[in-house]
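Note sheet for the following structure.
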Amino acid sequence: MKTYVVGGAVRDRLLGRPVVDRDHVVVGATPEDMLAQGFQPVGKDFPVFLHPATHEEYALARTERKSGRGYKGFTVYAAPEVTLEEDLRRRDLTINAIAEDEAGVLVDPYGGQRDLEAKTFRHVSEAFAEDPVRILRVARFAARFSDFSVAPETVALMRRMVDSGEVDALVPERVWQEVARGLMEAQPSRMFRVLRECGALARLFPEIDRLFGVPQQPAHHPEIDTGEHVMLVVDWAARHGCPLAVRFAALTHDLGKGVTPPELWPAHHGHEAAGTELVRALCERVRAPVDCRELAIAVAREHGKVHRALELRPGTVVELLERVDAFRRPARFDDLLLACECDFRGRPGYETRPFPAPDFLRQALAAAQTIDAGAVARRADPARIREAIFQARAEAVAAWRAAAPHWEHFPHQADMGVRGIGPTLAAAFEQAALAMVAVVSDPASIAAAEPVEIACEAPDAELLLVDWLNALVLEMAARHMLFGRFDVALDGNRLRATAWGEAVDLARHQPAVEIKGATYTELRAGQDETGRWLAQCVVDV
Amino acid sequence: MKRAAGWRSAWWTCDMNPDSFERVADYAWRIAPFGRMRVPAVIYADEALIREMDDKVFEQVTNVATLPGIVQAAYAMPDAHWGYGFPIGGVAAFDPDAGGVVSAGGVGFDISCGVRTLHTGLTAAEIAPIKARLADRLFARIPAGVGSTGQLRLNAVQMDAMLRGGARWAVEHGYGTAADLERIEEHGCMAGAEPDRVSEHAKRRQRDEIGTLGSGNHYLELQEIVEIYDARAAERFRLRQGEVVVSIHCGSRGLGHQIGTEFLREMVLAAPGYGIELPDRELACAPIRSPVGEAYLGAMRAAINCALANRQVITHLTRQVFADVCPGTHLTLIYDVSHNTCKEERHTVDGSSRRLYVHRKGATRAFGPGHPSLPAELRDVGQPVLIGGSMGTASYILVGTEESMARSFGSACHGAGRAMSRHQATRQWHGRALVDELASQGILIRSPSLRGVAEEAPGAYKDVSAVVEAADRAGLARKVARLRPLACIKG
């Protein structure tokens with residue numbers, strides 16, 4: 001009897017990666033031999049034992065033969081005469097089919113070390129085709145070893161397996177298990193790309209496969225393709241250590257875009273509603289756990305609203321908070337916001353852009369939570385308790401909104417009024433600058449790539465506001481830049497500021513008009529009766 | 001000027017109530033001086049236009065009437081709307097000998113923004129098969145929209161030469177012909193321009209903006225002459241029904257904006273020192289005979305030249321496109337008018353001839369027949385007055401009248417005037433849908449910004465026909481021809 005370490009432990013040691021579990025194979029022994037040495041038997045299908053001291057797994061060398069569809073249809077043959085090479089031959093990939101004896105000598109009959117060197121996933125033998133789960137495993141390995149690629153002959157084999165209908169026989173639980181594990185790897189997009197390459201994605205997740213080739217609005221999606229967007233989104237989620245439910249929600253948030261009639265492309269009006277039903281059906285099919293399902297449905301339905309959070313009226317904000325049950329389930333609400341951030345960041349150039357929606361909604365929730373629902377309910381007409389609580393919460397959000405730093409436009413017949421509001425005059429100046437930029441383009445579309453220093457001085461705060469805005473107009477015009485972030489410091493009537501921005505990009509920024517100058521019309525800079533600071537004027541466009 | 005509280009609340013919240021004016025003629029409404037007004041205010045409009053006018057027009061035109069040295073009256077044209085200090089569509093003249101002022105706000109940010117119209121010599125039928133190609137080529141050739149730059153890069157010496165020479169400078173550099181200059185106000189070159197008075201910031205903004213259209217309400221349009229009202233004037237302007245003209249609407253670009261910004265600030269700070277109490281900071285002004293006033297006039301005239309040079313270069317680019325697409329055409333200039341200016345002109349007031357500084361803010365000069373500054377070949381008929389409509393609606397060509405000299409210092413309206421804010425417009429219209437709808441009416445829109453198109457939706461403007469009708473009836477200018485847009489390059 002001889003024992004070897006096999007599989008992942010050998011592979012990971014050779015790759016210099018940490019070894020988690022060590023699996024052993026035992027050649028030349030019977031179950032009785034094992035029991036005699038004190039090993040504990042586990043499992044009823046395969047002859048596997050636990051070491052009495054280390055509790056590591058020891059399996060008798062065995063061969064397997066396909067006897068039916070799916071991954072359960074196997075006949076297992078374990079006997080003392082089964083050789084190590086025979087045992088290794090039934091394994092999936094050459095890199096997983098290297099054994100190491102107790103003296104540290106490697107047994108590598110199928111070229112596993114060569115493939116590790118070449119960073120290639122290659123099947124050991126045609127026996128690979130006997131288990132369709134292996135397609136999922138290869139894809140999952142691709143997500144973990146993201147610099148590896150699948151050997152062309154292995155891709156071809158996987159494609160044949162898909163074509164023969166093997167994949168369709170996979171049980172949902174097993175599909176979910178592998179995909180969930182793959183999502184938790186370093187680069188989940190690789191898993192979906194491998195599945196897509198062999199055709200398995202279209203069979204297992206047609207809703208995701210369909211997203212490739214569907215264009216989106218270039219102004220909001222520089223990557224254009226919806227499938228590519230979703231890949232960027234899941235990878236961002238993985239890079240930032242998001243939990244499984246968030247990664248899954250990130251994966252499925254845009255399923256609705258796959259069913260937009262092509263004549264409406266690149267617009268996807270109403271994709272949230274269409275997507276919600278698709279996510280529900282997908283979760284049903286793969287038997288996704290409840291937490292994953294609930295979050296994915298909520299994210300698919302609400303991500304558009306979350307992105308537009310700053311534009312929503314207070315009542316609409318409270319409706320959103322109530323719909324996603326944020327009052328009772330704040331932790332899941334955080335996950336929802338995180339999934340929406342993944343969606344935002346998963347676009348080229350959006351990694352460092354300001355994304356104020358989550359903070360805004362968390363603060364709105366905090367404001368709404370100051371309402372004592374019980375007290376409101378006791379005062380209210382019993383038939384209208386819900387409305388009364390909603391009303392009180394909406395008012396609380398409106399009051400918070402009025403005090404929090406923000407900007408808005410107000411009408412002027414020929415041009416546009418810009419207004420910044422904040423807890424300090426400097427904050428109001430920053431917000432007024434954002435309001436002015438928003439006359440030209442969406443401030444969120446402007447990357448804070450290059451800082452420009454600005455200083456000005458004026459006899460009073462109102463003139464200083466006009467000077468500040470006009471200094472920005474001049475810098476934007478002369479440098480052909482747009483600014484999207486401002487940091488203002490005031491010292492009496494002296495202003496020092498940094499404006500961050502980037503060169504105008506017509507396709508991405510879609511600038512609507514040039515600003516000729518900030519004017520003295522409707523000019524105010526000061527505190528209102530509620531104590532908040534306002535800075536406003538009309539800009540000539 | 002501060003009006004009593006009762007006045008304010010009555011006027012603040014509603015559109016104008018014509019009962020409060022003295023109707024001095026069918027199309028003229030007079031507001032007698034009250035408070036610190038030195039002269040009356042006069043609004044030219046029909047009753048419907050008066051009712052629609054924002055009450056801010058009333059406030060602003062009466063504010064203008066309080067400024068030192070104002071002569072005769074403060075005027076508002078039929079397209080008047082809420083502006084900065086002055087209403088847009090405001091006209092006022094000041095006498096330097098009577099302490100008269102020049103106001104940076106009274107000229108505005110887009111100094112010498114204006115319109116010029118060119119004959120193409122082609123009929124609408126001839127244009128039809130090449131219209132889309134022309135539109136595409138013009139859109140490709142003429143820089144439009146935010147951040148666009150022209151092909152010219154001016155160094156400091158060239159910049160000053162351009163600011164001194166205006167369209168004449170452009171023609172000397174190969175952009176157009178000497179014949180063009182005769183058809184431009186001031187013969188293409190505003191005298192008294194002082195490039196030294198123009199800041200480095202303003203010049204920096206202009207470095208690469210010569211020959212660019214800009215954005216907002218600026219455009220280049222192909223228009224068909226669809227109706228003739230005055231056969232004699234039309235004959236003299238060579239306007240024939242069915243023929244196609246090109247109209248270019250743009251101004252002095254970043255240079256003018258920066259001059260407006262800087263002098264507005266300087267005048268706001270300087271006004272108290274000259275004993276001028278401003279009812280509205282936007283009315284910032286300084287005596288014509290003061291260092292600030294003189295500096296502004298020198299810089300503002302340089303900006304007028306900048307606008308004239310800009311329209312001249314764009315004309316040249318337009319001609320190149322026409323020469324490419326339909327060889328053999330030659331575009332000749334009908335006329336070039338400016339809307340936002342302050343000009344020294346001789347006018348007869350109470351029987352005596354005086355040199356006055358006439359501010360036209362969103363108003364067109366409209367000199368009548370016989371005026372010495374008109375080109376010889378048009379002197380007996382009067383000045384062509386070019387009125388731009390909004391994107392999908394009509395434009396008009398009018399002619400200056402003798403009466404307008406007495407009624408509005410030889411001034412008329414300048415366009416439709418906004419009826420709705422940009423903000424409202426974007427909520428009401430969708431850029432793409434608008435472009436498609438106009439296309440279905442045979443009007444091609446080419447623009448770098450769909451949001452910009454929505455903000456300029458035809459429905460966001462007043463009915464230009466009503467404005468023109470009122471100007472005609474009020475005797476400010478006489479209708480000659482109506483133009484229908486065929487294609488519009490929108491900044």
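Below, chain A is the first sequence line, B the second, and so on; all start at residue 1. FYI, side chains are in, hydrogens and waters are out, and symmetry mates aren't considered; it's all heavy atoms of this structure.
Between B/R281 and A/D460, at least one side-chain nitrogen of the basic residue sits less than 4.0 Å from a carboxylate oxygen of the acidic one, meeting the salt-bridge criterion. Ion pairing of B/R205 with A/E475 is absent here, as no side-chain N (NZ or NE/NH1/NH2) approaches a carboxylate O to less than 4.0 Å.
Counting heavy-atom pairs closer than 4.5 Å to chain B, the top-ranked of the candidates A/D467, A/V473, A/L523 is A/D467. With chain A as the partner, the residue from B/R204, B/H201, B/Q258, B/R265 showing the most heavy-atom pairs under 4.5 Å is B/R265. Chain A forms more heavy-atom pairs under 4.5 Å with one residue of B/R253, B/E456, B/R451 than with any other, namely B/R451. Listed options A/L506, A/V504, A/V541 were ranked by heavy-atom pairs under 4.5 angstrom with chain B; first place goes to A/V541.
For B/Y84 and A/D415, the side-chain atoms include at least one donor-acceptor pair closer than 3.5 Å.
In this structure, A/Q217 places its CD atom where more than 12 heavy-atom neighbours from other residues, nucleotides or ligands lie under 6.0 Å away. Heavy atoms from other residues, nucleotides or ligands lying under 6.0 Å from CZ of B/R153 number more than 12. When the shell of 6.0 Å around NZ of B/K203 is examined, it contains more than 12 heavy atoms from other residues, nucleotides or ligands. By the 6.0 Å contact criterion, NE2 on A/H307 is enclosed, its count of non-hydrogen atoms from other residues, nucleotides or ligands being greater than 12.
A/L463 is listed as a side-chain neighbour of B/V268, based on a closest heavy-atom distance under 4.5 Å.
The structure places CG of B/D208 at 3.5 Å from NE2 of A/H480, a figure rounded to the nearest 0.5 Å. Rounding to the nearest 0.5 Å gives a distance of 6.5 Å between NE2 of B/H257 and CD of A/E514. Atom CG of B/D110 sits about 7.5 Å away from atom CG of A/D540, to the nearest 0.5 Å. Note that CG of B/D280 is 9.5 Å distant from CD of A/E522, once rounded to the nearest 0.5 Å. B/L264 contributes atom CG, which lies 8.0 Å from atom OG1 of A/T519 (distance to the nearest 0.5 angstrom). The CD1 atom of A/I515 sits 9.0 Å away from the OG atom of B/S215 when rounded to the nearest 0.5 Å.
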A/Q510/B/S449 under side-chain hydrogen bond (donor to acceptor under 3.5 Å, both in side chains): CA gap, chis, key distance, verdict: CA-CA 6 Å; A/Q510 299 269 305; B/S449 165; 6.0 Å; no
Stepwise side chain to side chain contact (heavy atoms under 4.5 Å, CB included) test for B/L283 and A/Y520: CA-CA 9 Å; B/L283 275 177; A/Y520 299 87; over 6 Å; no
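For chain A, the nearby part of B/T149 is the side chain; its heavy atoms alone come within less than 4.5 Å. No part of B/Q424 comes within reach of chain A, as not one of its non-hydrogen atoms sits under 4.5 angstrom from that chain. Looking at A/A458, both its backbone and its side chain come within 4.5 Å of chain B, counting heavy atoms on both sides. B/E209 touches chain A through its side chain: at least one heavy atom from C-beta onward sits under 4.5 Å away, while N, CA, C and O do not. If you measure heavy-atom distances from A/V440 to chain B, the contacts under 4.5 Å come from both the backbone and the side chain. At a 4.5 Å heavy-atom cutoff, B/V453 makes no contact with chain A through either its backbone or its side chain.
Contact between B/R422 and A/V513 at its shortest, heavy atoms only, is NH1-CG1, 3.8 Å.
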